[in-house]
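Keep in mind that the numbers below use all heavy atoms, side chains included, and drop hydrogens, waters and symmetry copies. Proteins come first, then strands; the chains are lettered A, B, ... in the order of their sequence lines, and each starts at number 1.
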Number of protein chains: 4
Amino acid sequence: MKEEKVDLTRIIQKKFSRLSKGQKLIAQYIINEYDKAAFMTASKLGNKVGVSESTVVRFANALGYDGYPQLQKELQELVKTKLTTVQRLEMSKDYKDGGTVLKKVLKADMDNIRHMIDELDDKLFQSVIDKILEADRVYIVGLRSSSTLAEYLGFYLNLVLDNVRVVRLGVSDVFEQILRVKEGDLVIGISFPRYSKITLNALNYTKEQGATIVGLTDSKVSPITEIADYTLTARSNMASFVDSLVAPLSLINALIVALGMKERDKISTTFNKLENIWKKQNVYDNKDGSSL
Amino acid sequence: MKEEKVDLTRIIQKKFSRLSKGQKLIAQYIINEYDKAAFMTASKLGNKVGVSESTVVRFANALGYDGYPQLQKELQELVKTKLTTVQRLEMSKDYKDGGTVLKKVLKADMDNIRHMIDELDDKLFQSVIDKILEADRVYIVGLRSSSTLAEYLGFYLNLVLDNVRVVRLGVSDVFEQILRVKEGDLVIGISFPRYSKITLNALNYTKEQGATIVGLTDSKVSPITEIADYTLTARSNMASFVDSLVAPLSLINALIVALGMKERDKISTTFNKLENIWKKQNVYDNKDGSSL
Amino acid sequence: MKEEKVDLTRIIQKKFSRLSKGQKLIAQYIINEYDKAAFMTASKLGNKVGVSESTVVRFANALGYDGYPQLQKELQELVKTKLTTVQRLEMSKDYKDGGTVLKKVLKADMDNIRHMIDELDDKLFQSVIDKILEADRVYIVGLRSSSTLAEYLGFYLNLVLDNVRVVRLGVSDVFEQILRVKEGDLVIGISFPRYSKITLNALNYTKEQGATIVGLTDSKVSPITEIADYTLTARSNMASFVDSLVAPLSLINALIVALGMKERDKISTTFNKLENIWKKQNVYDNKDGSSL
Amino acid sequence: MKEEKVDLTRIIQKKFSRLSKGQKLIAQYIINEYDKAAFMTASKLGNKVGVSESTVVRFANALGYDGYPQLQKELQELVKTKLTTVQRLEMSKDYKDGGTVLKKVLKADMDNIRHMIDELDDKLFQSVIDKILEADRVYIVGLRSSSTLAEYLGFYLNLVLDNVRVVRLGVSDVFEQILRVKEGDLVIGISFPRYSKITLNALNYTKEQGATIVGLTDSKVSPITEIADYTLTARSNMASFVDSLVAPLSLINALIVALGMKERDKISTTFNKLENIWKKQNVYDNKDGSSL
C-alpha cells in the first residue's frame, strides 16, 4: 500500500505539465491536502479548488483512473497506511530553500490548528474533561516523538491531580507500569503516524482490563480510534519527513487549561504551596524550582 | 515588580464598568496582549483597537496614571518580570467553561504562530541554520517544560547530524554534560517564562568557553537575548496558568525541516538504513522501531 | 576507614557518662564537628570548647588513646571519606597499575559488605520492612549517582507494591513530585557522600509534612541520620575518586527480597500476569518484555 | 551456583581430548543445551545424541562424578539462574523471615564478589581498559535492570572521556542511537539473565558495523559471550526473584578506577573545572552540583 502514494505523486508529477489549468489546481490540492481530498466527493473537491465536478473526473482520467472513485480509493488507502520516512522525504522536494521553509512550516502548523477549530466538538471535549476528573487513576501513554507530548501533559496534570502516571520507557517496560490498570481508571493514549505498536498493544491491554481509553491522534482512520472510547483528533500533517505535533500540543493545552479551570481551587492551593517552596528553596539554593 | 500586573489588572477590573466604550476596547486589548501593548506608542495602540490617541491617554488617566508613558512603563516592567503561577491563575477568570476554553486556547496558539509569521526574519533563520551545520558539536539545553522541546529537537537533529547532544537532567548534572564545550561548538538554549536559572547559568558558562549561542525564547526582552549570539523568538502567551509551547514547537519544526532540506542526502541515507533495520527488527521482534 | 568513626562514637557513647563535664563538651564538639576537630591542635580544640589543653589530652586518654595525636589521626582518617573529587584523586596514588586496581576494588567492595554483615541490625531492618508495607504511599528519593539505586529499588518495589513513586529529575522538579506527601506516607531517601543538597531539602520538606523517613546512607554521621526516622547504613568507601555503591546495592537487594517474601502471593500474581503478557507480547512483537 | 557450570565446562574442556568419540558428542550437547540436558534421564540424553545410556554414565565418571545423577544435579543447579520470575519465586521458599534474608542476601553478594576475585583475569581486564582508551567513540548499551549499571558506568566514564554515549530508551529508540557505529568504535554491552533481546540485537548490529564489543555479563555461557570480542563476567546469582547486580557493579567500579588511574591528569583537570563550577554555582544557587 505504502507505494501507492508515491506512485500517485509520481504520476501527477509526470503528467503535470500536460494537465489543464484547472486540473493543475486539483493536483496541487491533492498533494498538499490528500487526507482531506480522500474524503471529498468529486463535486466537493471541485468546489474546494474552484473547478467543475467534471474537471475532477477528467483529472482522474488524465491520471489513468477509470474514474474519480478509483482515485479516491487510492487516496484513502494511503491515508491509512501513511508513508515511510524515506517516501516522505521524496515528497518534500518543494521545500528547497530555508526561507520559504520557515514560512511554509509555520503556515502548515497554523492550518492544522485552524482545521481543528473548524471541526471542534465541544461536547466530546467536555466529556473527556469529565471522565478525566472522575477517574480513579489517570495513565498517560505516548512513545517515540509522542513521548514529548505525554511528558508535557503529565507535567501539568500532576499539578492539577494527584492520581496521574506518565508511562515512560526506562528500567520498567510499558506493561509493568500499566499492569494494575483496572475498571475506573482512565488511560490517555497519544499516538501519531507512524503509530507505535507498543502504544497500541498497551491500550488494548488496558481496555481488556476495563479502563476507559481516551485517544489523542491525527484522524478518524487512526488505529487508535478503534480502541479508544473517546478520540480527540489533531492533524499532524507536514509535507516533509517530520510529523508536526503542533496542533496536538495546542489540543493538550486546551485539556490542561480546561482541567485547571474546573479544579481552580485545587491548583490555586498547589501553586501557593509551590511558590512558597520555591521561595524557600532559593534560601536552600535551588532557585530553579521557580520556573515551570 | 511581579505585583504591578496584578495591580494593573485589578485597577482595570475595578474601573472597567466606568470606562467609556472606547476605553473598554483598550482595556481588553491590554489584558490579552499586554506584551504587545507594552511596546506601542499611544497612537499605535489607538490604531490597533480603533480609537483615537487621546482616548488612549484619557484611558491612562482613568486608571490613575499621569499619562500613557507611566502606564506603558508599568506594562514593560511586567513583560520583563512575568507573573507567578498564582497571579496568572488569578488572571484567567474568563476561561470558566470548558467549551470556550477549547476554542480560546486553539485561537491563542494560532495567533502566536501568526504573530511569528508576521515577524519572520528569514535572514536570521538562515544564519542559524548555517551556524548549526558548521558547528563542531551541537548541544541542546532546555529544562522544565522546555525539556520537551529540547528532546523533540534533539530527536530529529540526531537523525540529521552525528554531533548533537541533548543536555538532560539525570545522573549527570547540566554542567558535567557541557563541561567540554569549546569554541567551534554551538549551544541551542531553549527557555521560556519563567526562565530557568540553571539554563541561563549553563548558557553563560558555554559562552565563556567561546561557543556560539542560539537562543529560542519568547521575546526580545527575555534574559536569553542578552546571552545569545542569535535569538529566534516565538510567543508562549496564554492568558492562563500554562505557557504555550505551541509556537515554539512550530519554530522548531521549521528548523528541523530546513536542516533536513540542506542535508537531504545524509538523512535519506539515514532513513534508508533505519527502514532496513526496522524491517529486520520486525523479524527480530521489535516492530516499534518502525515509528518516529 | 569509616568504621573508625562509628567505633569512635561508640567509645564516646560508652564512656560518656564517666567523662568530666569539660570532657563531655569536647565529646559533643567532636561528634558534631569531627571534620574541623580533625585538624585542630589539642590547645586549639581546647579553646574552641572552652577547656584546657590538658583536659583535651586527658579526654584522649579516657577514650583509650595514648594521646591526642592518636585520636586526631583517627579523626583525620575518616575525614577522607568526605573529600572533594580532586583531593580524593590525589589520595589514590597507590592505584597505579590496572591489575592491582581490579583486585583492590573488588576487595574493598567485599569488605564494605562484610562490614555491613558484622553490624547487622535485624530488628531495625524488620521495622523498616514493616513501615514500608504499612505506608499509604512510598516515595523513593535519590539523585546524582544515587539515582541509579533509586531506580533499581523502584523497579522492583513497583513489582511488589502499587503505591511506589520514584522521584526523578525531568520535566517536573523534585518538589512538584513530593508536594502532596502527607502523614502516613513513607519516603526512602538514598544519599551518599557528597550528600546532595536537594535530597536533604526534599527529605526535610517531607518530614515537615509528617511522613516517615527511611534513610539509606553511608554512616551514622551522615546528615541523613538527623532527618530520618530509620537509618540503614552501608559503607560507600573506596580510596579513589569514585564512591562505591556496591554495599548499598546489596542492602537494597535485601530490602527487595525481604519485601518479596512478605508479599509472596501478591508478587506471584504480578509475575504470572507479567509472564503471560510477555508471552502474548512475543506474538505482539515485543519480546523484550521478557527480561527484568 | 553458576560457577559449577563454569567448573563443569572447564572440566569438560580439560578432559575433552581424552574423551571417547561418543562421550565427545555428549559433551558438546551439554555445553550447548545444558538446560535441556539437565532434565533428561541418562537414557534420554543418550538417545538425544545417539549413544548408549552406559556411555552417558561413563561420561559422568570420566568427568569425575560418581554417576549421572551427580552430574545431572549440577546441571539442574545452574538452570536455576535462567528461570522465569515465577519459577524462581517458587524456589526461594527458604527466605521466609526477613532477618535471615538480610544476612543471606549480603552473604550471597559477598560470595559473588569473592568468586570474581578467585577468577580474576588481569590480562583480559587490561586489554579491555586499553581498548576503551583507544576507541574513537564508546557506546554503553544496557536495558531493563542493567540500565542502572549502564547509567552508573556512563556517568563516571563521561568524567574521564569525551566520546562516551549511553544508549537509553526515550524519544529515540536504541537503533537510532547506534545507527552510526563504525569500525574503531567500542560498544560495552551490559546484559544479565534474563537477557534482553533488544540488547542482543543491538550488539549484533554494532558488530556487523565493525565495532569492538565488550560484554559485561554473568557467565561464559551467556549469549553475550558469542557476540563479544571481550567478555568480563560477574555473577548475578541470588536464589530469589531478583538478580543481583552487586558483583557486576563492583566490576564496573574497577573499570572506572582503572580508567581513572590511566587518565589521572585528564580527570584531575575535569574535577578541578567541576569543583570551580560547583563553587561558582553555589553563588549561582545550584549547590547540588557539588555532589557526585
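The structure places CG of B:L149 at 8.0 Å from OG1 of A:T148, a figure rounded to the nearest 0.5 Å. Interatomic distance, CG of B:N253 versus OG of A:S236, reported as 10.5 Å (0.5 Å rounding). Note that CG of B:L102 is 9.5 Å distant from CG of A:L124, once rounded to the nearest 0.5 Å. Summarising the geometry, atom CG belonging to B:D109 is positioned 8.0 Å from atom CE belonging to A:M116; distances are rounded to the nearest 0.5 Å.
Listed by chain and residue number, D:V171 satisfy the side chain to side chain contact (heavy atoms under 4.5 Å, CB included) test with A:S147 (two or more places apart in sequence, or in another chain). By the side chain to side chain donor-acceptor pair (under 3.5 Å) test, B:K107 is found to be paired with no residue, residues two or more places apart in sequence or in another chain being considered.
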Test A:Y152 against B:V242 for side chain to side chain contact (heavy atoms under 4.5 Å, CB included), laying out the working first. CA-CA 11 Å; A:Y152 183 86; B:V242 35; 3.5 Å; yes
Might you work through the side chain to side chain contact (heavy atoms under 4.5 Å, CB included) test for A:I113 and B:V246, ending with a clear yes or no? CA-CA 10 Å; A:I113 298 178; B:V246 162; 3.9 Å; yes
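Chain A forms the most heavy-atom pairs under 4.5 Å with one residue out of B:S250, B:P248, B:A234, B:A254, and that residue is B:S250.
When heavy atoms are compared at a cutoff of 4.5 Å, A:L245 approaches chain B by way of both its backbone and its side chain. With a 4.5 Å cut-off on non-hydrogen atoms, A:L251 touches chain B through its backbone and its side chain both.
Between A:M110 and B:M110, the shortest heavy-atom contact is CG-CG, 3.6 Å.
Within the 4.5 Å cutoff, side-chain heavy atoms of B:L106 are placed close to those of A:L120.
More than 12 heavy atoms of other residues, nucleotides or ligands lie within 6.0 Å of NZ in A:K273, so this atom counts as buried by the packing criterion.
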